[in-house]
Amino acid sequence: QSGLMLWGIADAWIGQTRHKVGATPPGSSGVVDSGGAQASRWGMRGTEELGAGLRAFFVLEQGISLDSGATTRVSASDNGFNRGAYVGLSGDFGEVRVGRMLTAFDALRGSTNHLYDSSGFASTGQVWGASTTAANGLPEVTGSDYLARGNNTAYYATPNIGDFNASFSYSYDEKTATATGNPRLATGHVKYTSGPLRIGYGQQAERYTTGTNRYHIVAGNYDFGAFKMVGAAQRQIDGRVAGQLKSNEWELGLDAPFGAATIAVGYASSKTKDGAGRRVIDAKGFSLMGTYDLSKRTRLYTAFRQLKTTRADGSTSLDASRLGVGITQKF
Amino acid sequence: QSGLMLWGIADAWIGQTRHKVGATPPGSSGVVDSGGAQASRWGMRGTEELGAGLRAFFVLEQGISLDSGATTRVSASDNGFNRGAYVGLSGDFGEVRVGRMLTAFDALRGSTNHLYDSSGFASTGQVWGASTTAANGLPEVTGSDYLARGNNTAYYATPNIGDFNASFSYSYDEKTATATGNPRLATGHVKYTSGPLRIGYGQQAERYTTGTNRYHIVAGNYDFGAFKMVGAAQRQIDGRVAGQLKSNEWELGLDAPFGAATIAVGYASSKTKDGAGRRVIDAKGFSLMGTYDLSKRTRLYTAFRQLKTTRADGSTSLDASRLGVGITQKF
Amino acid sequence: QSGLMLWGIADAWIGQTRHKVGATPPGSSGVVDSGGAQASRWGMRGTEELGAGLRAFFVLEQGISLDSGATTRVSASDNGFNRGAYVGLSGDFGEVRVGRMLTAFDALRGSTNHLYDSSGFASTGQVWGASTTAANGLPEVTGSDYLARGNNTAYYATPNIGDFNASFSYSYDEKTATATGNPRLATGHVKYTSGPLRIGYGQQAERYTTGTNRYHIVAGNYDFGAFKMVGAAQRQIDGRVAGQLKSNEWELGLDAPFGAATIAVGYASSKTKDGAGRRVIDAKGFSLMGTYDLSKRTRLYTAFRQLKTTRADGSTSLDASRLGVGITQKF
């Protein structure tokens with residue numbers, strides 16, 4: 001019922017990364033990296049039943065780079081329990097949390113990402129919010145994907161209301177916001193779940209001192225039995241840039257079980273235009289993963305990812321791939 | 001008997017902080033903060049019975065800022081097990097510890113602070129050792145409250161001798177002391193406990209390269225049954241400042257239980273003069289807290305604190321308040 | 001069979017360090033330090049039996065400086081689980097690990113070091129790879145002992161093949177190597193174990209951008225019953241230095257049990273010459289330790305170490321000693 005649980009995930013892979021374009025010098029490199037299938041982490045969590053359906057709980061969770069032992073940098077933090085540090089209450093009224101945690105926007109987006117939201121091989125987080133270096137007289141363009149977690153956050157999740165539920169989160173900037181960091185976050189999503197279908201709409205606004213960076217998403221998944229399909233379409237409007245940057249982004253994935261094995265494939269695309277409607281960045285990525293479960297806790301996997309980013313003039317600013325085999329152990 | 005225990009406290013609150021004077025720009029801000037009632041932390045500790053009353057033990061304890069997941073900065077350290085990292089032996093002879101830990105001075109002062117020594121809302125640590133910014137031709141004055149913990153520390157606590165006990169700690173500077181950091185600490189306290197009364201005297205000397213900063217305290221508490229009273233009077237003599245700074249400081253608190261609820265109130269005052277006896281800083285603070293226990297492990301609270309600091313010419317250098325509601329979960 | 005284990009070692013000592021030569025100013029200092037007998041640490045580890053002799057396992061281990069609570073800097077890292085962070089599989093084929101871990105060279109060298117490989121008082125790590133400051137017209141010489149751990153590492157240990165076994169590790173630099181950091185590591189050792197004898201040969205190559213630093217070692221131990229002997233001879237060729245630096249190094253140790261007590265003694269020597277065969281550094285160290293076990297988990301110890309380093313002209317660049325008493329508690 002209550003108590004304290006220590007837990008985690010240890011995931012490392014060995015393989016090769018290759019940059020045809022986008023590294024100096026270009027070329028390939030042998031690598032041992034952390035978190036090919038799932039981000040390595042450890043944490044403590046506990047739940048206490050208080051009677052009448054009321055429960056108190058806490059979570060402390062730290063990202064680990066298993067290739068160096070260091071704390072993994074996530075959502076602009078590389079210190080302490082940076083994946084989650086919060087306390088909360090749940091009951092008939094829903095659930096309330098306070099602390100550092102995933103945003104309510106991520107609760108929809110993260111759960112509808114292809115390749116099981118793989119931290120090392122899914123394309124979405126690399127392709128959406130893509131950047132390009134300067135070349136051919138074109139300037140550098142700094143894109144940015146959404147902030148998955150916020151500090152100083154209050155979170156509310158509704159109970160299920162028929163087939164619907166929703167959640168909202170607000171992260172105070174505590175007057176520390178700058179042009180590039182510590183934005184105030186206002187996020188939310190609403191979701192419909194019925195039988196094999198789940199579909200939802202989410203929004204996240206990140207207010208920096210120089211403007212607001214806003215995301216809208218429609219995302220869902222469907223279980224066809226023999227395989228599952230996930231997909232999402234996202235619209236980003238970055239108001240920090242003079243004249244705005246607007247991106248149209250989508251991703252699609254399929255995964256199919258075969259006994260103890262599964263195979264998953266995913267594709268992500270992002271097209272960014274400036275305020276005048278001129279093309280700025282095109283990015284796309286393709287991902288493939290095969291897994292084999294040695295037990296409920298231990299999984300072997302092999303995976304491949306190919307990314308490509310193109311500037312306004314059609315020149316390539318990134319052409320990178322990675323291939324590896326790895327192991328995930330839950331504890 | 002022995003073994004290893006994992007434990008901690010998760011405490012976060014949501015509310016508002018307001019600076020009439022003392023922030024740029026002045027004004028109020030919504031906040032989610034860690035440790036309103038008790039500092040959030042986690043740790044490991046263990047005890048081993050060695051026979052004949054002899055026990056070996058260790059403690060590892062880290063402060064956590066639940067609003068960011070980061071390690072909380074305490075006693076000039078924001079790294080690792082900064083709240084305590086030591087090993088020791090206890091028996092008929094008393095108790096010996098070596099490592100990083102709370103000083104013997106803190107063992108008296110911390111246990112007689114109002115508002116249950118609340119890390120977020122007690123006034124004492126903010127008012128005692130107050131600073132002021134420069135204004136009206138008056139210079140900035142940097143005060144400093146005592147260092148609660150020391151590195152490179154050896155600690156000895158006596159057993160109870162009748163109604164008396166005492167403890168002493170010494171923290172080596174290992175030749176790393178500077179004008180502002182890594183002081184050598186020599187501290188101690190002696191205490192009398194009988195029935196509802198506890199009262200003691202303590203001293204702490206912090207030797208920097210530029211002089212010694214010294215604290216004397218008389219502190220105690222009394223249980224009247226319907227309520228408890230705590231109080232302390234402290235004299236600080238800061239020899240690092242040319243001509244010395246001398247502060248007279250006191251605090252008083254009451255707390256009363258009402259079933260599962262309690263209410264606590266506290267007041268702290270500090271008056272600092274220079275070596276010639278001229279007024280430099282006046283500071284005062286008022287604190288109020290109500291708590292309600294959902295269980296032995298989970299507590300809700302609401303609290304308020306008002307601080308005010310005045311310069312030599314009577315001008316205000318700080319006028320700040322905070323108000324919040326929070327939850328503490330022990331695990 | 002499987003599961004998750006939390007464990008660690010808390011070790012602190014109090015004593016005195018003295019620098020006749022090699023500190024500014026020279027002299028002695030009282031100290032409280034961590035890890036006199038064994039490096040303080042904590043960690044999590046787990047093993048899962050997968051059937052048919054196959055096992056999956058993980059290790060997370062962090063060094064702690066018990067005198068400050070901070071993470072101990074080990075093998076060029078002071079962040080996170082810096083003593084070990086890896087996942088692996090073992091079975092009839094041997095054992096495979098990926099992540100950050102001790103090198104295959106260390107698996108021989110660390111296990112044949114005198115004074116039980118004591119982190120605070122063994123001489124080897126201080127004498128081998130010694131440095132000297134500039135003086136008498138002679139330049140500063142920066143030596144360096146081997147890197148005990150590598151990031152981005154793949155490790156393979158053979159099963160026992162008769163009385164022999166071997167292990168190999170390779171640490172990718174992932175194109176981050178510099179003149180002084182992040183070298184690519186290729187290491188291995190082969191070992192013969194029979195009755196009271198263990199002896200092996202190991203090699204480690206550390207490739208920096210400016211050259212390769214290479215170590216060869218022959219090391220072993222022998223259990224004579226009344227006492228054990230350990231010893232090693234190492235040859236270092238540092239190709240990063242113009243004309244190369246070549247060092248001949250050896251160490252020898254004895255330890256003997258007396259009931260719950262033991263006594264151990266060790267000696268280490270290092271002679272470094274330049275490529276032309278001219279003397280550059282002579283270094284030697286002597287170590288002594290007595291231990292007394294209060295229980296299986298708790299050990300008291302007292303120890304002494306004397307180090308001396310001499311420049312090419314015979315002048316002394318380091319003459320340092322330390323003496324202390326400490327306690328080790330395993331949990």
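Note on naming: letters A, B, ... go to the chains in the order of the sequence lines (proteins, then strands), and numbering restarts at 1 for each one.
- With a 4.5 angstrom heavy-atom cutoff, C:Tyr86 touches chain A only via backbone atoms.
- Looking only at heavy-atom pairs under 4.5 Å with chain C, the residue among A:Gly326, A:Ala70, A:Ala23, A:Ser68 that has the most is A:Ser68.
- Legend: residues meeting ring-ring contact (aromatic ring centres under 6.0 Å, His included) with C:Trp13, ordered by chain and number and at least two apart, are C:Phe121.
- In this structure, chain C has heavy atoms under 4.5 Å from both the backbone and the side chain of A:Leu294.
- Between the C:Glu48 side chain and the A:Lys330 main chain, no donor and acceptor come within less than 3.5 Å of each other.
- Closest heavy-atom contact between C:Thr47 and A:Arg297: O-NH1, 4.4 Å.
- Between A:Gln62 and C:Phe81, the closest heavy-atom pair is OE1-CE1, 4.2 Å.
- Heavy atoms of A:Thr71 lying under 4.5 Å from chain C belong to its backbone as well as its side chain.
- Considering all non-hydrogen atoms of both residues, A:Gly69 and C:Ala85 come closest at CA-CB, 3.6 Å.
- With a 4.5 Å cut-off on non-hydrogen atoms, C:Met44 touches chain A through its side chain but not through its backbone.
- A:Asp78 has its side chain out of reach of C:Asn79: every pair of non-hydrogen atoms, C-beta onward, lies at least 4.5 Å apart.
- Neither the backbone nor the side chain of A:Thr72 comes within contact range of chain C; no heavy atoms are under 4.5 Å apart.
- The neighbour count for A:Asn136 CG, taken as heavy atoms of other residues, nucleotides or ligands under 6.0 Å away, is above 12.
- Highest contact tally toward chain A, considering only C:Gly80, C:Gly88, C:Ser77, is held by C:Gly80 [criterion: heavy-atom pairs under 4.5 Å].
- Interface remark: A:Ile14 contributes side-chain atoms only to the contact with chain C (heavy atom separation under 4.5 Å).
- No more than 12 heavy atoms of other residues, nucleotides or ligands sit less than 6.0 Å from atom OH of A:Tyr292.
- Rounding to the nearest 0.5 Å places OG1 of A:Thr298 at 10.0 Å from CZ of C:Phe58.
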Starting from the C-alpha separation in whole Å, work towards a yes-or-no answer on side-chain contact (heavy atoms from CB on, under 4.5 Å) for A:Trp42 and C:Leu4. CA-CA 12 Å; A:Trp42 79 280; C:Leu4 162 62; over 6 Å; no
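- Heavy atoms closer than 4.5 Å to chain A are found in the backbone of C:Thr153, but not in its side chain.
- Neither the backbone nor the side chain of A:Ile9 comes within contact range of chain C, judged by heavy atoms closer than 4.5 Å.
- Each of A:Gly30, A:Ser40, A:Ser34, A:Ser295 has some count of heavy-atom pairs under 4.5 Å with chain C, and the biggest count is that of A:Gly30.
- Distance check: A:Ile64 CD1 to C:Leu60 CG gives 4.5 Å after rounding to the nearest 0.5 Å.
- Under a cut-off of 6.0 angstrom, the local environment of NZ in A:Lys308 is sparse, with at most 12 non-hydrogen atoms contributed by other residues, nucleotides or ligands.
- Among A:Asp67, A:Val32, A:Val31, the one residue that satisfies the side-chain contact (heavy atoms from CB on, under 4.5 Å) test with C:Tyr172 is A:Val32.
- Rounding to the nearest 0.5 angstrom, the gap separating the OG1 atom in A:Thr24 from the NZ atom in C:Lys175 is 10.0 Å.
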side-chain contact (heavy atoms from CB on, under 4.5 Å) for A:Thr17 and C:Glu174? Distances and angles first, verdict last. CA-CA 9 Å; A:Thr17 61; C:Glu174 297 185 357; over 6 Å; no
